[in-house]
Protein chains: 4
Amino acid sequence: MPPSVSEKYKEEKKRNIINSALICFAEKGFETATIDDIVVHSGFSKGTIYNYFSSKDEIYLEVLHTATKNDIDVITNKFSVLRTALSKINYLFDLYLNIDLNNQKRLGFTVVFYEFTLHCTREKKLLELLTKRRNFFIHLISEAIKEGQASGEFNKNIQADTYSHLFWTIIDGINLQVVYKGFPYYDVLREMKEAYIEKLKN
Amino acid sequence: MPPSVSEKYKEEKKRNIINSALICFAEKGFETATIDDIVVHSGFSKGTIYNYFSSKDEIYLEVLHTATKNDIDVITNKFSVLRTALSKINYLFDLYLNIDLNNQKRLGFTVVFYEFTLHCTREKKLLELLTKRRNFFIHLISEAIKEGQASGEFNKNIQADTYSHLFWTIIDGINLQVVYKGFPYYDVLREMKEAYIEKLKN
Amino acid sequence: MPPSVSEKYKEEKKRNIINSALICFAEKGFETATIDDIVVHSGFSKGTIYNYFSSKDEIYLEVLHTATKNDIDVITNKFSVLRTALSKINYLFDLYLNIDLNNQKRLGFTVVFYEFTLHCTREKKLLELLTKRRNFFIHLISEAIKEGQASGEFNKNIQADTYSHLFWTIIDGINLQVVYKGFPYYDVLREMKEAYIEKLKN
Amino acid sequence: MPPSVSEKYKEEKKRNIINSALICFAEKGFETATIDDIVVHSGFSKGTIYNYFSSKDEIYLEVLHTATKNDIDVITNKFSVLRTALSKINYLFDLYLNIDLNNQKRLGFTVVFYEFTLHCTREKKLLELLTKRRNFFIHLISEAIKEGQASGEFNKNIQADTYSHLFWTIIDGINLQVVYKGFPYYDVLREMKEAYIEKLKN
DNA sequence: CATGAATGAGATTTCATTCAT
DNA sequence: TATGAATGAAATCTCATTCAT
């Protein structure tokens, strides 16, 4: 007996639900957003949503997972075509320098993502997941730095790992400032980028 | 005729409730922690808690307010005795370099504080409150930098405001990393401090 | 694809809840009767009740509204077939003369209705609602009296409006007496009807 | 050991509390008004109030009792000096014809009184109390009517009892209309008085 | 598979009453 | 006697989840 609906159809539906959920979570926060909010936003029935996800928690997880997977794919692809270490670091900084601060959806997602990050503090299982993701990103940069050191682009004395952590610390810090109206986002980030790269090169 | 109870007694009680609340919020998050949790932790009855605070929201606000007021007092006092701009910047960095990462209560509070920050995104009124607080801290450093520039300690070409924002961006970024076990907190922060001060001095 | 449930089913359910609520309110009064009382009496769960009504206040309002709508429909229909003004006045009096004083449900409703009337004193919005309803009933009779005056049935010198108010004053007065055991309801009302009609005819 | 505070002092205090309670009940209704409302309005402490009354219910009862006792005293005194039956009936009607409709306190009390009347429906004990009070008033008028019949002032064929009940039915009816703005109170009551006395005289 | 009515545990908040001072 | 802080039972309302259709 073949499945009555195609896999593609189901994937599409799941993606729609996840999309709506992200928007609802962004708007109200995970706790405050209700399944009914997702029902209204997505147009699917409550029953349908529970056919695709077993709980609100699972939806949350998949929302975050999806977004993360996206980022990873984009960055991985880009890195595979960038030839120099410096261009990779530049690319990552520019990713954040090119952000449209007025994009409400992006802002919403940023808030949700950091809320989730903090929430993970309280659940071992989630924290592991989050840490794994983070490790990937740490690895990404420390490898790039090491490449740069090997190729002579970067100063051999800096700690690749420390500077990788440092990079993401900067990014988390700058992302958080979206909550403050009037924060000179681009000025600050440009200054940081410059100092960071200067340090790498020596 | 008023047997009543001293103002001090009431202040003390309020502080006790706030303390318990902070711990409960740190443990479970604002939404997930319940008044009953605070009841259990504080040992006071539900009625008593509502005699001192009119709602869970108010407790939350006072928890944050209390902690913030503390910080402001400590820093303001210290600044008034520090003579050079550099010593002020150094002092602030050292505040964070001397943190005990194993202090669970501190960690809990950090999480609560950033959750609150993100939560403010969704309530105009709260955001104003938060922004006011942030402006105080921004002002604190930009003034110090300007002092340093006037006294010849610091490079006159750097934007005091941008570098003040930059400072708190670093601090927010580094604070957020507490969620990740194994994050080389001191290494990263020391590196940042060094680079930051180098930039100031030129 | 909508398995849903017929509109009729939902209307029926609403009516059931309203019915139970009326009985609970009649038994204990609006403030004293609880949602749990309605849960027990109706057999529906709390959640179900809140699926059909958004608050206890709304239930109260709908209970009153339903009862009132009924009365209006019955009287309006009857009036449309009664040819003389006198027969209309007679009909209304007889409505109250034919009441079964032992009908506990009716008695309960009377009490609830007058409690609601008094309660309205304290809420502008509700008072407007109540006044609108009352105006309809006032109009009903003053029109009938004017008809009677035009047709020569009634004395042209009496104030239609005053006598319409007077009619409902009598009815409210007599309804209130249900609280007193042993009140000679029929005797008093018959006497009043006689005097009233005598006055109309002159 | 003599009482440390005079009886008079205590009576005075009780009266003050009752006064405040009446005003609070009138403003918000018995259920909705809180002991704290009475505390604020009276200026006495919660403890003090509970020293004089054992419960909120008891306050309610005494509020009503006090008001009623007042009415009875006033009417009894007046009746003892009025010589004709007609003058007594006239006096009672005029009591209500001379009311100041704009007196908010009176209006509030009227509402509270009728709420209490309806509330009594649900408690046998209270109903007995209320009925006893009502019987006094019924007796008052039926005796007056009988006097009038004996003296030749009134028609001997009317039922004294029925007409006594009828009188209070009118009064209850007219009192209830205070809720409706624009009700032609004086017109309606004057009309009723005239018809009533006409009937008595024949 | 889709639906949405039904459920009920659990959350916040109120308030009459008590009692130590 | 006077006080008002403390109490906790009880009320309203929410919402994730289930399941018959």
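Residue numbering restarts at 1 for every chain, and letters A, B, ... go by the order of the sequence lines.
Toward the 5′ end of DNA chain E lies the nearest nucleotide of A/Ile49, the other residue of the pair A/Ile49 and C/Ile49 mapping further downstream. Residues C/Gly47 and A/Gly47 both approach DNA chain E. Their nearest nucleotides, taken by heavy-atom distance, put A/Gly47 toward the 5′ side. Mapped onto DNA chain F by nearest heavy atom, C/Asp36 and A/Asp36 fall at different nucleotides, with C/Asp36 at the one closer to the 5' end.
For D/Asn51, the side-chain atoms get nearest to F/dA2 when compared with the rest of F/dA2, E/dA5, F/dA5. Here the nucleotide nearest the side chain of D/Tyr52, chosen from F/dT1, F/dC13, F/dA9, is F/dT1. Relative to the side chain of A/Ser45, the nucleotides E/dT17, E/dA2, F/dT18 differ in distance, and E/dA2 lies closest. Which of F/dA2, E/dT7, F/dT14 sits closest to the side chain of C/Tyr50 comes down to F/dT14.
A close approach under 4.0 Å does occur between a side-chain nitrogen or oxygen of D/Thr48 and OP1 or OP2 of F/dT3. At the phosphate of E/dA2, OP1 or OP2 sits under 4.0 Å from a side-chain N or O atom of A/Tyr9. Distances shown here put a side-chain N or O of D/Lys13 below 4.0 Å from the OP1 or OP2 atom of F/dA2.
At a cut-off of 3.5 angstrom, counting only N and O atoms as typed in the model, there is no donor on one side facing an acceptor on the other between the side-chain of D/Lys56 and the base of E/dT17.
Among the heavy atoms of the strands, none lies under 4.0 Å from A/Phe53. Within 4.0 Å (heavy atoms only), D/Thr34 reaches sugar-phosphate atoms of the nucleic acid but no base atom.
Partner assigned to F/dA20 is E/dT3, using Watson-Crick or G-U wobble distances below 3.5 angstrom.
We find that CZ of B/Phe25 is positioned 13 Å from C1' of E/dA11, with the value rounded to whole Å. When the C1' atom of E/dT12 is taken as reference, atom NZ of C/Lys46 falls 13 Å away, rounded to whole Å. Atom CD1 in D/Ile38 sits about 16 Å away from atom P in F/dG4, given to the nearest Å. Rounded to whole Å, atom P of F/dG4 lies 20 Å from atom CZ of B/Phe44. Whole-Å rounding puts the D/Ile17 CD1 to F/dT3 P distance at 10 Å. One interatomic measurement links the two molecules: CG of C/Asn16 to C1' of E/dA5, which rounds to 15 Å at whole-angstrom precision. Between the CD atom of D/Glu31 and the C1' atom of E/dT14 there is a distance of 13 Å, given to the nearest Å. Residue D/Asp57 contributes atom CG, which lies 16 Å from atom P of E/dC15 at whole-angstrom precision.
In summary, the side chains of D/Thr66 and D/Glu62 do not present any donor paired with an acceptor at a separation below 3.5 Å, with no hydrogens or angles considered. A donor-acceptor pair shorter than 3.5 Å can be found between the side chains of A/Asp37 and A/Thr34.
Taking a cutoff of 4.0 Å between a charged side-chain nitrogen and a carboxylate oxygen, C/Glu11 and C/Lys8 do not qualify as a salt bridge. Checked for salt-bridge contact, D/Arg122 and C/Glu115 meet the test: a charged N lies under 4.0 Å from a carboxylate O.
The minimum heavy-atom distance linking A/Tyr52 with A/Lys13 is given by the pair OH-CD, 3.4 Å.
Distance alone, capped at 3.5 Å, is enough to place a donor-acceptor pair between the B/Thr121 side chain and the B/Leu118 backbone.
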